[in-house]
Asker: 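Take a look at the following structure, please.
Since this is a predicted model, take the numbers as computed values, not measurements. In what follows, chains are A, B, ... by sequence order, proteins preceding strands, each numbered from 1.
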There are 2 protein chains.
Amino acid sequence: MTERQNGTGTSAGRARGPVTIYDVARLSGVSPSTVSRALNNPGRLSADTEKRIREVADAVGYRLNPMARALPTGRTHTVGLILSDITNPVYFDLVRGVERVAAGRGYILILAESQESADLENETAQRLLASVDGLILVATRLDNADIRALAERKPLFVVNRKVRGIPGVVPDVVPGIRAALDHLAEQGHRSIAYLAGPSGSWMSRLRGRTLDLTAGERGMTIVEIGPGEPTLHGGQAALQGVRDSGATAVLAYNDLMATGLLKACRDGGVRVPEELSVIGFDDIFGSDFTSPPLTTIRTPLGLVGDEAARRLIAAVEKGEEGRRTPLATEFVLRGSTAPPRG
Amino acid sequence: MTERQNGTGTSAGRARGPVTIYDVARLSGVSPSTVSRALNNPGRLSADTEKRIREVADAVGYRLNPMARALPTGRTHTVGLILSDITNPVYFDLVRGVERVAAGRGYILILAESQESADLENETAQRLLASVDGLILVATRLDNADIRALAERKPLFVVNRKVRGIPGVVPDVVPGIRAALDHLAEQGHRSIAYLAGPSGSWMSRLRGRTLDLTAGERGMTIVEIGPGEPTLHGGQAALQGVRDSGATAVLAYNDLMATGLLKACRDGGVRVPEELSVIGFDDIFGSDFTSPPLTTIRTPLGLVGDEAARRLIAAVEKGEEGRRTPLATEFVLRGSTAPPRG
DNA sequence: AGGACCGTGTCAACCGGTTGCCAAACTGTG
DNA sequence: CACAGTTTGGCAACCGGTTGACACGGTCCT
């Protein structure tokens with residue numbers, strides 16, 4: 001009765017816009033709802049009807065309109081990822097991990113940046129919320145209340161932060177820190193500086209606390225320096241504090257800061273590792289070709305992204321979070337550590 | 001007559017799902033279409049009606065449902081970005097540029113990776129096409145026919161590739177290459193190797209051709225080596241070829257390859273820059289802390305991303321591509337070049 | 001006073017799918 | 001052969017917006 005405007009008189013005629021299920025329905029002599037069932041409700045129809053419709057569908061190059069599907073179902077097949085800083089190399093492998101898993105499961109990745117601002121992060125999350133099935137927050141600066149509020153609206157997954165009742169992943173920092181301190185102890189270091197990241201960073205606090213604990217067990221002392229920006233510049237700016245602390249070795253919140261410190265040392269005539277040992281965190285791109293190559297504590301960022309996407313999508317689809325994979329850090333010995341002088 | 005299921009008896013009652021224009025309409029005593037007009041058709045309604053509706057809307061926290069809007073309008077307020085490799089640092093600033101501009105204009109960024117495969121790239125583009133208002137292809141491996149086919153369906157923008165009739169941007173490589181060759185000529189280099197990127201890369205060919213031309217003008221000769229993977233590994237693998245060529249200086253297709261070459265030199269006992277001068281391309285993150293720091297030809301990647309997003313969105317909204325900003329490369333002198341021996 | 005015109009808000013159709021419910025057809029059984 | 005049970009496919013409502021057409025009331029003009 002009501003012929004959709006897309007239709008043309010001749011069934012072979014070129015439709016105006018993209019092909020819809022209405023076109024497929026007309027061409028295969030069934031109703032639109034039957035087409036819908038044939039395509040995403042396998043088994044509901046008789047085998048030959050389903051087969052026939054499928055054949056027509058890809059003969060005419062039918063492609064489902066995701067918006068049209070999203071409207072009645074409320075499911076967009078999209079995951080959102082919010083980072084504080086897109087250009088921070090620490091996220092590259094993570095983003096790739098998320099994208100690969102998402103694409104593999106038929107999901108699309110939406111990426112946004114919060115520019116290290118809690119307000120902007122919240123605003124961005126709100127803006128994205130309507131378009132995604134679930135949201136991954138990486139190293140979020142939001143407080144627990146905001147996080148919970150978001151989690152009430154859509155499945156949420158937090159990376160590098162623990163929030164009671166919210167699924168998330170934070171790689172175990174203990175093994176990496178233990179191995180790093182064992183290594184430093186073996187070389188004779190006793191007093192170690194920790195170059196802290198931003199004051200709002202949960203992960204920086206975790207690393208600091210774990211360092212304190214682990215150092216205590218080994219009779220070593222930790223002096224905390226900072227907080228500082230988690231960037232090259234933040235690391236460069238910290239050299240003076242490090243020198244003042246009298247520590248013979250430094251552990252930085254992340255590789256960016258460690259690399260910045262390395263640079264400041266070179267500029268300031270401090271020889272690394274002879275005069276100062278430096279250890280980074282994460283093992284980002286570039287850490288192996290600094291000079292000297294940076295000794296660091298590796299975080300398996302690719303796997304973290306994988307895990308985040310996998311479990312978020314499980315939550316979206318099955319309402320339960322998927323199996324947890326334990327993820328651990330690992331000490332990577334390169335050239336920026338040596339026994340202290342004297 | 002037909003009360004939407006969202007409604008509750010009391011107007012103060014909590015709606016089940018998110019607030020819709022139907023809720024706002026009921027609460028402010030007008031029809032849904034009036035609400036729609038009040039919100040995105042300023043001036044069409046009387047000033048107080050509009051104001052009243054706006055107040056109700058944000059009093060109840062109304063948020064537009066992007067899917068619902070996309071259906072009748074065909075506009076998703078989304079731009080897609082397809083990269084060959086998410087973890088390649090060359091793209092970080094570009095991605096950020098695109099994201100910032102997109103977010104600033106109320107658009108959402110969808111990111112996907114083609115893993116250096118033309119087939120996967122095409123498939124990905126098809127998959128995304130229905131969800132985006134426009135697509136940005138970076139260093140695409142697609143052939144011109146595929147690109148044109150995509151451009152027929154949605155606004156398309158290509159970065160680092162010129163395709164007749166398709167809007168795009170490719171930073172002018174001439175100034176950077178001229179300055180680099182002038183520098184090498186001044187130091188006494190005559191025979192220079194070009195470490196080519198993937199054979200499918202339009203940009204690698206452009207850089208190679210421009211190099212040939214520019215070298216010719218200066219009485220220098222170029223030996224092309226490759227093609228090779230545009231990665232650290234590709235650069236490492238090329239050392240033998242470089243030595244065999246007898247060139248005293250190398251220009252690599254990109255910084256990743258240059259850095260790989262640097263590493264191979266260190267491992268192979270070739271001193272840079274004393275025995276071999278190395279110049280990269282792009283000035284990616286990390287190029288300034290290799291050892292020696294890499295001399296390179298900078299591409300303004302952040303601006304490229306900016307330009308791409310700006311002009312794509314202009315095409316989407318006004319049907320015309322926006323104003324073009326000329327973008328040029330620039331020679332950055334660091335420590336990996338020196339006069340040849342003898 | 002009558003008519004043209006303008007400003008304002010509503011009606012209803014539409015975008016392209018999904019899905020609960022029902023009817024027709026088909027199957028098997030006593 | 002009648003009847004219950006099971007397939008199979010269609011109808012129509014719905015998701016949440018947008019927008020062309022129109023009705024209504026008030027102004028202004030002749």
Asker: Take Thr34(B) and Ser31(B) through the side chain to side chain donor-acceptor pair (under 3.5 Å) test and state the conclusion after the steps.
Answerer: CA-CA 5 Å; Thr34(B) 304; Ser31(B) 83; 3.2 Å; yes
Asker: So, using side chain to side chain donor-acceptor pair (under 3.5 Å) as the criterion, who are the partners of Arg54(B) when residues are at least two apart?
Answerer: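 Partners of Arg54(B) under the side chain to side chain donor-acceptor pair (under 3.5 Å) test: Glu50(B).
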Asker: Distance check needed: dC15(C) P versus Met67(B) CE, whole Å only.
Answerer: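 Checked: the CE to P distance equals 20 Å.
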Asker: Specify the separation, in whole Å, of atom CD1 of Ile21(A) and atom C1' of dT19(C).
Answerer: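 So the two atoms are 12 Å apart, to the nearest Å.
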Asker: Angle between the end axes of the helix from dA1(C)-dT30(D) to dG30(C)-dC1(D), five pairs per end, to the nearest 10 degrees?
Answerer: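 Here the local axes at opposite ends form an angle of 50°.
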Asker: Whole Å only: how far is the CG atom of Leu39(B) from the C1' atom of dT18(D)?
Answerer: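 One finds 12 Å between C1' of dT18(D) and CG of Leu39(B), rounded.
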Asker: When you measure from the side-chain N and O atoms of Thr20(A) to the phosphate of dG16(C), is any distance below 4.0 Å, counting only OP1 and OP2?
Answerer: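 No, because none of the side-chain N or O atoms of Thr20(A) sits under 4.0 Å from OP1 or OP2 of dG16(C).
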Asker: So, OP1 or OP2 of dT10(C): does either fall under 4.0 Å of a side-chain N or O from Ser31(B)?
Answerer: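 Yes, within the criterion.
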Asker: Mark yes or no for a side-chain to base donor-acceptor pair under 3.5 Å between Arg37(B) and dG20(D), with no hydrogen or angle criteria applied.
Answerer: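 Such a pair is found, so the answer is yes.
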Asker: When you get a sec, tell me which of dT19(D), dG16(D), dG17(C) is the closest nucleotide to the side chain of Leu71(B)?
Answerer: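 Closest of the options to the side chain of Leu71(B): dG16(D).
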Asker: Would you tell me if any nitrogen or oxygen in the side chain of Ser36(A) comes within less than 4.0 Å of OP1 or OP2 on dG17(C)?
Answerer: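 Result: no.
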Asker: Out of dA12(C), dG17(D), dC11(D), which has the shortest distance to the side chain of Ser33(B)?
Answerer: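 When the side chain of Ser33(B) is considered, dA12(C) is the closest of dA12(C), dG17(D), dC11(D).
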Asker: Taking only heavy atoms on the protein side, list every residue of residues 42-63 of chain B lying under 4.0 Å from any atom of DNA chain C, sorted numerically.
Answerer: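 Within this stretch, Arg44(B), Leu45(B), Ser46(B), Thr49(B) sit under 4.0 Å of the strand.
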Asker: Report yes if the side chains of Ile136(A) and Val98(A) come closer than 4.5 Å at any heavy-atom pair, otherwise no.
Answerer: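 SC-SC contact between Ile136(A) and Val98(A) confirmed.
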Asker: Measure the distance from OH on Tyr22(A) to P on dC14(C) and round it to the nearest whole Å.
Answerer: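 So the two atoms are 11 Å apart, to the nearest Å.
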Asker: I want to check something: taking the side chain as every heavy atom from C-beta on, are Val79(B) and Phe157(B) in contact at a cut-off of under 4.5 Å?
Answerer: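 Contact flag for Val79(B)/Phe157(B) side chains = no.
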Asker: Could you state the atom-to-atom distance from CZ of Arg69(B) to C1' of dG16(D) in whole Å?
Answerer: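 In whole Å, dG16(D) C1' and Arg69(B) CZ are 12 Å from each other.
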Asker: Write down the distance between CZ (Arg75(B)) and C1' (dT19(D)), rounded to a whole number of angstrom.
Answerer: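 Rounded to the whole Å, the gap is 15 Å.
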Asker: Check the distance between dG17(C)'s C1' and Asn40(A)'s CG and give it to me in whole angstrom.
Answerer: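 Interatomic distance, CG of Asn40(A) to C1' of dG17(C): 9 Å.
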Asker: Nearest to the side chain of Ala68(A) - dT19(D), dG16(C), dG10(D)?
Answerer: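 Within the option list, the nearest is dG16(C).
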Asker: Regarding Thr73(B), tell me which of base, sugar-phosphate or nothing describes its non-hydrogen contacts under 4.0 Å with the strands shown.
Answerer: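 Thr73(B): backbone/sugar contact only, no base atoms under 4.0 Å.
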Asker: Which residue lies toward the 5' end of DNA chain C, Val30(B) or Pro72(B), if each is placed at its nearest nucleotide?
Answerer: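 With Val30(B) and Pro72(B) compared, the 5'-side residue is Val30(B).
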Asker: I need the minimum non-hydrogen distance between Ala308(A) and Val159(A), along with the two atoms involved.
Answerer: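 Heavy atoms of Ala308(A) and Val159(A) come nearest at CB-CG2, 4.0 Å.
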Asker: Run the salt-bridge test on Lys51(B) and Asp48(B) with the 4.0 Å N-O cut-off and return the result as yes or no.
Answerer: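 Salt bridge flag = no for Asp48(B) with Lys51(B).
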Asker: Taking the side chain of Leu64(A) as heavy atoms from C-beta outward, which of dG17(D), dG10(D), dG17(C) is closest to it?
Answerer: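 Nearest listed nucleotide: dG17(C).
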Asker: Taking the side chain as everything from C-beta on, heavy atoms only, tell me whether Asp146(B) gets closer than 4.5 Å to Thr140(B).
Answerer: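 Contact flag for Asp146(B)/Thr140(B) side chains = no.
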Asker: Tell me every residue that passes side chain to side chain donor-acceptor pair (under 3.5 Å) with Glu307(B), counting only those two or more places apart in sequence or in another chain.
Answerer: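 Listed in chain order: Arg310(B), Arg311(B), Thr325(B).
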Asker: Among residues two or more places apart or on two chains, list those pairs meeting side-chain hydrogen bond (donor to acceptor under 3.5 Å, both in side chains) that have a residue in residues 158-167 of chain A.
Answerer: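 Listed by first then second residue: Asn144(A)-Arg161(A).
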Asker: OP1, OP2 of dT19(D) versus side-chain N and O of Asn41(B): anything below 4.0 Å?
Answerer: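 Negative; the distance criterion is not met.
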Asker: Kindly write out the residues that satisfy ring-ring contact (aromatic ring centres under 6.0 Å, His included) with Tyr107(A), not counting sequence neighbours, or none if the list is empty.
Answerer: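 With sequence neighbours excluded, Tyr107(A) shows a ring-ring contact (aromatic ring centres under 6.0 Å, His included) to His77(A), given in chain and number order.
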